[in-house]
Amino acid sequence: MKVISSIAAMQRHSAAWAQSGERIGLVPTMGALHEGHMTLVRRARKECRKVIVTIYVNPTQFGPKEDLARYPRPREQDLAMCRKEGVDLVFAPDNLYQPDHSTFVEESVVSQGRDGASRPGHFRGVATVVLKLFNLTRPTNAYFGQKDAQQVDVIRRMVRDLDVPVKLVIVPTVRDPDGLAMSSRNRYLSPEERAVGVEFARLLQLAAKRKSRNAGWLAAELKKISGLKLDYVERTEDRLCAAVFIGKTRLIDNERVK
Ligand code: AMP
């Protein structure tokens, strides 16, 4: 497995691989890898000749008061997990931005509301870095998790609107046995906080099965839980989406509405 951090080296590899005409799978991540990420990797491994995992904690998608500095960075463990799954190349740059970087990708409809409202500038950072990573790695296929439902919508729209030649593959949310959606941020939770997170996931699943008024019901139930602060509950066309704070940790989750 190749591990590279230089942009020039990444461009050399992707140019050679793009020429081969074979399927190249990209799994973009911020590291602190878990089974959710590895499920994306395994899907890419099954469908592509080469698999690239990128590990980059992208500063432009964090707000000034968010957890950029304390975001976990267990590099050796991440690399071991990638090696075990047969990843061909890990691109882990230290920095992807020029000091005077001034060009951003801004989706202006599906990025509104929900996480876009709670985290101003977040999706601008996500769309910008994802397009940069597409340009650097030149994948035929790119793998994203349904856990970040609004992110999927933003990237889908960007790919459509900007004619990006990549096939998006969306993978269902992977959960721990207790029902909590896997997330790098779960590492922040104390055992007591984790129990609150499990209750959040349980109620969301339950609400998604209700025939009607699931958003209002879920919001009311979540407000009863001590140690949990509701950010939003929103029903989209086909999903029930929610975000909560448990202590300092912000968790998101969503479920298809029956
Ligand atoms: P992140 O490192 O959190 O930016 O996530 C990288 C990719 O993994 C994104 O496409 C996420 O949606 C996906 N992902 C993260 N957690 C999960 C999960 N529990 N199930 C499925 N995909 C996930």
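Computed over heavy atoms, backbone and side chain alike; hydrogens, waters and symmetry mates excluded. For ligands, and for the atoms within them, numbers begin at 1 and follow the listed sequence. Treat the numbers as computed from the prediction; the structure is a model and nothing was measured.
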Please check if the number of heavy atoms outside Arg49 that lie under 6.0 Å from its CZ is greater than 12. no
Show me which atoms of ligand 1 lie under 4.0 Å from any heavy atom of His34. 15 (C), 16 (N), 17 (C)
I'd like to check whether Leu40 has a polar contact with ligand 1, where a contact means an N/O of the residue lying under 3.5 Å from an N/O of the ligand. no
My understanding is that we take every heavy atom of each candidate and find the minimum distance to atom 5 (O) of ligand 1. Doing that for Lys147, Met38, His37, which one comes out nearest? His37
Under a 4.0 Å heavy-atom limit, does Ser183 contact ligand 1 with its side chain, its backbone, both, or neither? neither
Check for me whether Thr39 has a heavy atom closer than 4.0 Å to any atom of ligand 1. no
Less than 4.0 angstrom from a charged side-chain N to a carboxylate O is my criterion; do Arg175 and Asp253 meet it? yes
Just checking, any donor-acceptor pair under 3.5 angstrom between side chains of Asn95 and Tyr97? no
Numbered in order shown, the ligand 1 atoms found under 4.0 Å of a heavy atom of Pro28 are 6 (C), 7 (C)
Below 4.0 angstrom from a heavy atom of Thr29, which ligand 1 atoms are there? Numbered from 1 as shown, please. 2 (O), 6 (C)
At under 4.0 Å between heavy atoms, is it the side chain or the backbone of Val152 that contacts ligand 1, or both, or neither? neither
Below 4.5 Å, heavy atoms only, C-beta onward: do Val130 and Phe134 meet side chain to side chain? yes
Under 4.0 Å from any heavy atom of Met182, which atoms of ligand 1 are there? 16 (N), 17 (C), 18 (C), 19 (N)
Taking N or O atoms only and a 3.5 Å limit, does Val174 qualify as a polar contact for ligand 1? yes
Side chains of Leu33 and Cys82 in contact at under 4.5 Å (non-hydrogen atoms): yes
Out of curiosity, is Ala32 lining ligand 1, as in a heavy atom under 4.0 Å away? no
Test item: Trp217 and Leu203 side chains (from C-beta on) under 4.5 Å apart, heavy atoms: yes
Test side chain to side chain contact (heavy atoms under 4.5 Å, CB included) on Phe91 and His13; report intermediate values, then the result. CA-CA 11 Å; Phe91 177 48; His13 278 98; over 6 Å; no
Atoms of ligand 1 close to Phe144 [distance to a heavy atom under 4.0 angstrom, numbered from 1]: 10 (O)
State the atoms of ligand 1, each with its element, that fall below the 4.0 Å cut-off from a heavy-atom position in Thr173. 20 (N), 21 (C)
Quick one: pull up OH in Tyr143 and CD in Glu47 and give me the separation to the nearest 0.5 Å. 3.5 Å
